[in-house]
J.: 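Okay, here's the structure, questions in a sec.
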Amino acid sequence: MSDELSGIELTSTQRRVSHGISVTFPLKLKFNPSIARDPVKIGYVSTNYSMGYKADATFRLKNLTEEKVIETASSNLNCLKRILKWNVSNDILFFRISSNTVPFASHPMNTANWKEELRGLLKEVGSFIRDHYLRISMHPGQFTVINSEKREVVEASVRELEYHADLLDLMGVEGVIQIHVGSGSGGKERGLARFVRGFSLLPERIARRIAVENDDRIYTLRDCLVLNRELGIPVILDNLHHQVNSSGEGLSEAFSLARETWRGTPMTDYSSQEPGEEAGVHASTLDEDDFRRYVQEISRVGDADIMLEIRDKERSALKAVQVLRSMKVGKSRT
DNA sequence: CGCAGTCAAGGAGAG
DNA sequence: CTCTCCTTGACTGCG
């Protein structure tokens with residue numbers, strides 16, 4: 001908020017990016033203060049291995065006490081804050097906050113009043129995020145299935161999504177909650193219909209944060225686009241899932257389709273295939289050549305914030321920042 | 001990085 | 001219906 005340039009629509013196609021270069025994009029961005037500053041942000045998932053503290057610590061259910069929940073969540077949030085600071089000083093401006101931040105947050109056994117007890121800490125982390133224009137996402141685990149055929153699974157999923165929205169609300173940040181379509185039981189048509197029904201159960205404050213991601217087994221980009229038409233929710237393209245499960249669209253076509261579902265800068269998930277493993281296995285470290293090709297492909301279509309789903313997390317994020325710097329796609333920072 | 005087994009939670013497929 | 005496997009990453013107990 002301190003930067004007077006924040007939120008100003010840049011009419012030129014030259015956009016300054018965070019990595020000391022400018023990239024030419026055919027932009028049609030709308031005014032949006034929280035994301036207007038850095039068109040390309042690199043992100044990674046949940047925690048940082050090299051810093052020596054964890055933002056995704058948890059414990060076994062049998063050890064659950066109210067004190068333990070608060071203690072672990074406080075530690076996670078303090079670590080998150082330090083990680084975000086480290087990220088900013090390394091030009092990494094996108095982050096996926098761990099769903100483990102408050103362990104067992106939506107579990108019926110958890111009676112801790114974490115929303116009250118962590119209010120101050122959450123606000124503090126949120127201020128840092130806003131002050132530095134960080135882009136934030138969250139990704140609930142595989143057990144969050146709002147189109148399940150079992151009522152109790154849908155109900156638990158709604159509670160879990162509620163927790164994610166609470167966390168972001170208490171931080172006071174925009175933040176996307178990305179989920180998969182879920183169960184394909186009875187065929188995709190029925191699965192999509194169940195999704196629409198499940199989604200309608202969500203209150204607005206949760207629903208407005210949801211984005212849907214193509215998966216590697218059942219629901220393709222096309223299926224997600226159907227949900228965008230029905231519900232208006234944005235679509236996150238996962239390039240590796242798309243490689244394994246799609247209707248054959250090339251990367252730039254696929255990205256173009258996904259991009260149209262976003263009002264502002266779209267999020268994408270990026271990974272590459274781990275060599276020698278089964279199709280769909282995420283790389284253990286960034287394949288720089290593959291990543292360079294990826295950026296070239298999608299930047300022909302438009303800007304994006306890129307979440308790296310690569311196992312060595314911040315190490316690959318640093319590499320990705322270097323790759324962007326080394327690319328001859330723009331001018332040096334003025 | 002020691003390693004193997006275990007862990008709140010679902011789903012798909014086989015039998 | 002039950003059972004196994006899929007899949008991810010972290011925890012935990014053991015050597």
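Each chain gets a letter, A, B and so on, in the order the sequences are listed, and its residues count up from 1.
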J.: Could you please name the option among dG11(B), dA8(B), dA10(C) that lies closest to any side-chain atom of K150(A)?
T.: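 When the side chain of K150(A) is considered, dG11(B) is the closest of dG11(B), dA8(B), dA10(C).
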
J.: Using purine N1 to pyrimidine N3 plus N6-O4 or O6-N4 for Watson-Crick, or N1-O2 and O6-N3 for G-U wobble, each under 3.5 Å, what pairs with dA10(C)?
T.: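 Here dA10(C) is engaged in a pair, and the nucleotide opposite it is dT6(B).
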
J.: For N100(A), answer base if it contacts any base atom (sugar-phosphate contacts may also be present), sugar-phosphate if it contacts only those atoms, and nothing otherwise; contact means non-hydrogen atoms under 4.0 Å.
T.: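 Nothing, no heavy atom under 4.0 Å.
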
J.: Specify the separation, in whole Å, of atom CD1 of I310(A) and atom P of dG9(C).
T.: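 Nearest whole value for this atom pair: 12 Å.
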
J.: Taking CG from L61(A) and P from dA9(B), how many angstroms apart are they, rounded to a whole number?
T.: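 Computing the L61(A):CG to dA9(B):P distance gives 9 Å.
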
J.: Any base atoms under 4.0 Å from S148(A), or only sugar-phosphate, or nothing? Heavy atoms, all strands.
T.: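 S148(A): backbone/sugar contact only, no base atoms under 4.0 Å.
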
J.: Does S183(A) put a side-chain nitrogen or oxygen below 4.0 Å from OP1 or OP2 of dA12(B)?
T.: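 The answer is yes; a side-chain N or O of S183(A) sits under 4.0 Å from OP1 or OP2.
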
J.: With a 4.0 Å cut-off, would you call R205(A) and D166(A) a salt bridge?
T.: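 The answer is yes: the pair qualifies as a salt bridge.
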
J.: Is I306(A) close to F291(A) at the side-chain level, that is, under 4.5 Å between some pair of heavy atoms?
T.: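 The answer is yes; the side chains approach within 4.5 Å.
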
J.: Rounded to whole Å, how long is the line connecting atom CD of E149(A) with atom C1' of dG11(B)?
T.: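 So the CD-C1' distance, E149(A) to dG11(B), works out to 10 Å.
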
J.: Kindly point out which of dA12(B), dA10(C), dA9(B) is positioned nearest to the side chain of F143(A)?
T.: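 Ranking dA12(B), dA10(C), dA9(B) by closest atom to the F143(A) side chain puts dA9(B) first.
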
J.: Using heavy-atom distances to pick each residue's nearest nucleotide on DNA chain C, tell me which of K313(A) and R217(A) is more 5'.
T.: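 Nearest nucleotide further toward 5': that of R217(A).
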
J.: Contact class for I218(A) vs. all strands (heavy atom < 4.0 Å): base, sugar-phosphate, or nothing?
T.: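 The residue I218(A) makes sugar-phosphate contact but no base contact.
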
J.: Using whole Å, report how far CD of E309(A) lies from P of dT7(C).
T.: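 Those two atoms, CD and P, are 15 Å apart.
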
J.: Picking from N214(A), V244(A), N245(A), D215(A), what satisfies side-chain contact (heavy atoms from CB on, under 4.5 Å) with D238(A)?
T.: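 Of all the options given, the one that passes is N214(A).
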
J.: For dT7(C) versus dA14(B), give the span between their P atoms, rounded off to a whole number of Å.
T.: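 Between the two P atoms, the distance is 15 Å.
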
J.: What is the distance, to the nearest angstrom, from the OH atom on Y219(A) to the C1' atom on dG10(B)?
T.: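 Answer to the nearest Å: 14 Å.
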
J.: For D216(A), report the nucleic acid contact type (base, sugar-phosphate, nothing); a contact means any heavy atom under 4.0 Å.
T.: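 Result for D216(A) = nothing.
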
J.: Over how many whole Å does the gap from D215(A) atom CG to dT8(C) atom C1' extend?
T.: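 These atoms are roughly 15 Å apart.
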
J.: Quick one: is Y49(A) getting a side-chain N or O under 4.0 Å of the dA10(C) phosphate, OP1 or OP2?
T.: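 For Y49(A), the contact criterion (side-chain N or O under 4.0 Å from OP1 or OP2 of dA10(C)) is met.
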
J.: Which part of the nucleic acid does G184(A) contact within heavy-atom distance under 4.0 Å: base, sugar-phosphate only, or nothing?
T.: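 Since only primed, P, OP1 and OP2 atoms lie under 4.0 Å of G184(A), the category is sugar-phosphate.
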
J.: Which base, if any, makes a Watson-Crick or G-U wobble pair with dC1(B), both distances under 3.5 Å?
T.: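 Looking at the geometry, dC1(B) pairs with no nucleotide.
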
J.: dG10(B) C1' sits how many Å from N147(A) CG, rounded?
T.: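 Whole-Å distance recorded here is 11 Å.
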
J.: Take the protein atom CD1 of I179(A) and the nucleotide atom P of dG11(B), then report the distance between them rounded to whole Å.
T.: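 It works out to 13 Å between those atoms.
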
J.: Identify whether any heavy atom of S157(A) sits under 4.0 Å from a base atom; if not, whether one sits that close to sugar-phosphate; answer base, sugar-phosphate or nothing.
T.: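 Nothing, no nucleic acid heavy atom in range.
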
J.: Side-chain N or O of N63(A) less than 4.0 angstrom from OP1 or OP2 on dT12(C)?
T.: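 Answer yes for this pair, as a side-chain N or O of N63(A) is under 4.0 Å from OP1 or OP2.
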
J.: If you measure from the C1' atom in dG5(B) to the same atom in dT8(C), how many Å do you get, rounded?
T.: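 Those two atoms are separated by 15 Å.
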
J.: Does the pair R293(A)/D287(A) count as a salt bridge with the N-to-O cut at 4.0 Å?
T.: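 Between D287(A) and R293(A) there is no salt bridge, as every charged N stays at least 4.0 Å from the carboxylate O atoms.
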
J.: So, are R325(A) and D91(A) salt-bridged, with charged N and O less than 4.0 Å apart?
T.: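 Here R325(A) pairs with D91(A) in a salt bridge, since their nearest N and O are under 4.0 Å apart.
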
J.: Roughly how many Å apart are dG11(B) and dA10(C), using the C1' atom of each and rounding to a whole number?
T.: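 Looking at atom C1' only, dA10(C) and dG11(B) are 22 Å apart.
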
J.: Using the rule that Ile, Leu, Val, Met, Phe, Trp and Tyr join whenever any side-chain heavy atoms are under 4.5 Å apart, tell me whether M267(A) and Y294(A) fall into a single cluster.
T.: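 No, M267(A) does not connect to Y294(A) through the hydrophobic network.
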
J.: By nearest heavy atom, map Q142(A) and S46(A) onto DNA chain C; which one lands nearer the 5' end?
T.: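 The 5'-side residue here is Q142(A).
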
J.: At less than 3.5 Å, do the side-chain atoms of R60(A) and the base atoms of dT12(C) form a donor-acceptor pair?
T.: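 Donor-acceptor pair under 3.5 Å: no.
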
J.: The side chain of H107(A) is closest to which nucleotide in this list: dA12(B), dA10(C), dA8(B)?
T.: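 So the side chain of H107(A) is nearest to dA8(B).
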
J.: For dC11(C) and K54(A) - does any side-chain N or O of the residue sit under 4.0 Å from the phosphate oxygens OP1/OP2?
T.: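 For dC11(C), OP1 or OP2 has a side-chain N or O of K54(A) closer than 4.0 Å.
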
J.: From the options dA12(B), dG9(C), dC11(C), select the nucleotide whose nearest atom is closest to the side chain of R311(A).
T.: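 Within the option list, the nearest is dG9(C).
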
J.: Is the closest basic N to carboxylate O distance between E174(A) and R130(A) below 4.0 Å?
T.: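 Salt bridge flag = no for R130(A) with E174(A).
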
